[in-house]
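Next up is a structure, given as structure tokens.
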Amino acid sequence: MQAQAAPILDYSKRGQSEWVDSLDRACAEWGCFQLINHNLDSDLCASVLSAMQSFFALPLEAKLDIERTADNPWGFYDRELTKNVRDWKQIFDIGPGSAEGPFAETSTPWPMQLGKFQATMEAYYEVAEVLALQLLTDIGSRLSLPASALKRDFGVGHSSFLRLNYYPQCEAPEEHLGISHHTDAGALTVLLQDAQPGLQFWHGGDWHTVKAEPDALTINIGDIVQVWSNDRYRAPLHRVLTNKFQSRYSAPFFLNPTYDTVYAPLLSALNGEPPRYRSINWREFRAGRAAGDYADLGDEVQISDFRY
Ligand SMILES: O=C(O)CCC(=O)C(=O)O
Ligand SMILES: [Fe+2]
């Protein structure tokens, strides 16, 4: 067990002068932090976790009835690949209420046999999105990211989604990972998890297990913020271990922009250094990443492919 753990930030300090400094430090040193005293209702968070348990306990055929497809990315899936390795997990992806771009015509196929599931997830999606945007606004303020750009790129037509992860018990945990090491491709991730540890972040040459802080959310930045910051902030590598005795549930909300969004190092973040990345279009990046979720297509697209 490592002594060092990801920083803990207190959301009730938002608005105080040290708040943005603590975000800046956490993003520069770890790329992730635990958020306490956040404003997501604890009953709603508990309802999300219990609705997830009910959903994943359904018979496999019922879940396969609402399986995602190449045309509709929302729904159930149990064969996802990360880094071309099959993850030891089942997922259910919940898309935005309305979107533009390649999936504009799609909607989430809800498990109708679970009465409150849809309403619970829609309510949680809404508040997680607000929190994610507030955090991104504060992180962006240190990078002098114009608020108008955030509004445009993460407003109408955004491609954010809520993922429900279920990691079943695994007979041979040393042979399987819940999710192989990866960075999140979007801007920022707000993660709700149950009390079972499993998530690890790479920091200082070692894997660090996130301790289950009661009522904390785990926040990490994604590739987009890394690119904006010209590498001052690093999207953290993370992975999930499996467990022989316990299953685990987690729900990441991925804050993603509209498909037309083009991102590049912000002029205001260069500090006299040359930009380290070419411009990246979210539609093309996502398309390359999502294709790799279904089939082993060789190396997955990475932001390092866009480095000068
Ligand atoms: O389950 C977790 O704690 C993390 C999940 C994750 O990294 C992901 O879904 O991208
Ligand atoms: Fe992730």
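Hydrogens, waters and symmetry mates are skipped; everything else that's a heavy atom, side chains included, is used. In each ligand, atom 1 is the first atom listed, and ligand 1 is the first ligand listed.
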Any idea which part of V210 is under 4.0 Å from ligand 1, heavy-atom wise: side chain, backbone, both or neither?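 The answer is neither.
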
Can you tell me which N/O/S atom of D184 has the shortest distance to the Fe ion (ligand 2)?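 The Fe ion (ligand 2) is closest to the D184 atom OD1, counting only N, O or S.
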
Which heavy atom of the protein is the closest neighbour of atom 3 (O) of ligand 1, given with residue, atom name and distance?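 For this ligand atom, the closest protein heavy atom is R248 NH2, 2.8 Å.
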
List every atom of ligand 1 that sits less than 4.0 Å from any heavy atom of H238, numbering the atoms from 1 in the order shown and giving each element.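 Under 4.0 Å from H238, ligand 1 has these atoms: 7 (O).
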
Tell me whether D138 contacts the main-chain N or O of L135 through its side chain, where contact means a donor paired with an acceptor under 3.5 Å.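 Between the backbone of L135 and the side chain of D138 there is no qualifying donor-acceptor contact (under 3.5 Å).
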
H182, portion touching ligand 1 at heavy-atom distance under 4.0 Å: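 Side chain only.
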
Nearest neighbour in protein (non-hydrogen) for atom 9 (O) of ligand 1: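 Answer for atom 9 (O) of ligand 1: N165 ND2, 3.2 Å.
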
Counting heavy atoms only, which part of D184 comes closer than 4.0 Å to ligand 1: side chain, backbone, both or neither?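 The answer is the side chain of D184.
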
Side chain S159, main chain T258, donor-acceptor under 3.5 Å: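 Looks like no, no N/O pair under 3.5 Å.
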
Among all the protein's non-hydrogen atoms, which is closest to atom 4 (C) of ligand 1, and how far away is it?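 Result: V240 CG2, 3.7 Å.
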
Can you find a non-hydrogen atom of K89 under 4.0 Å from ligand 1?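 K89 does not count as a contact of ligand 1 under the 4.0 Å cut-off.
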
Within the distance-only criterion (no hydrogens, no angle test), does the side chain of D87 pair as donor or acceptor with the backbone N or O of H176 below 3.5 angstrom?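 Looks like no, no N/O pair under 3.5 Å.
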
Mind telling me whether Y263 and W282 have parallel, tilted or perpendicular rings, with 30° and 60° as the class edges?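 Aromatic pair W282/Y263 classed tilted.
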
Counting from 1, what ligand 1 atoms have a heavy atom of F254 closer than 4.0 Å?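 Once the distances to F254 are compared, the set is 8 (C), 9 (O), 10 (O).
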
In terms of residue, atom name and distance, what is the protein heavy atom nearest to atom 6 (C) of ligand 1?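 Here the nearest protein heavy atom works out to I179 CD1, 3.5 Å.
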
Mind checking whether W74 and F161 have parallel, tilted or perpendicular rings, split at 30° and 60°?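 Geometry flag for F161 against W74: tilted rings.
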
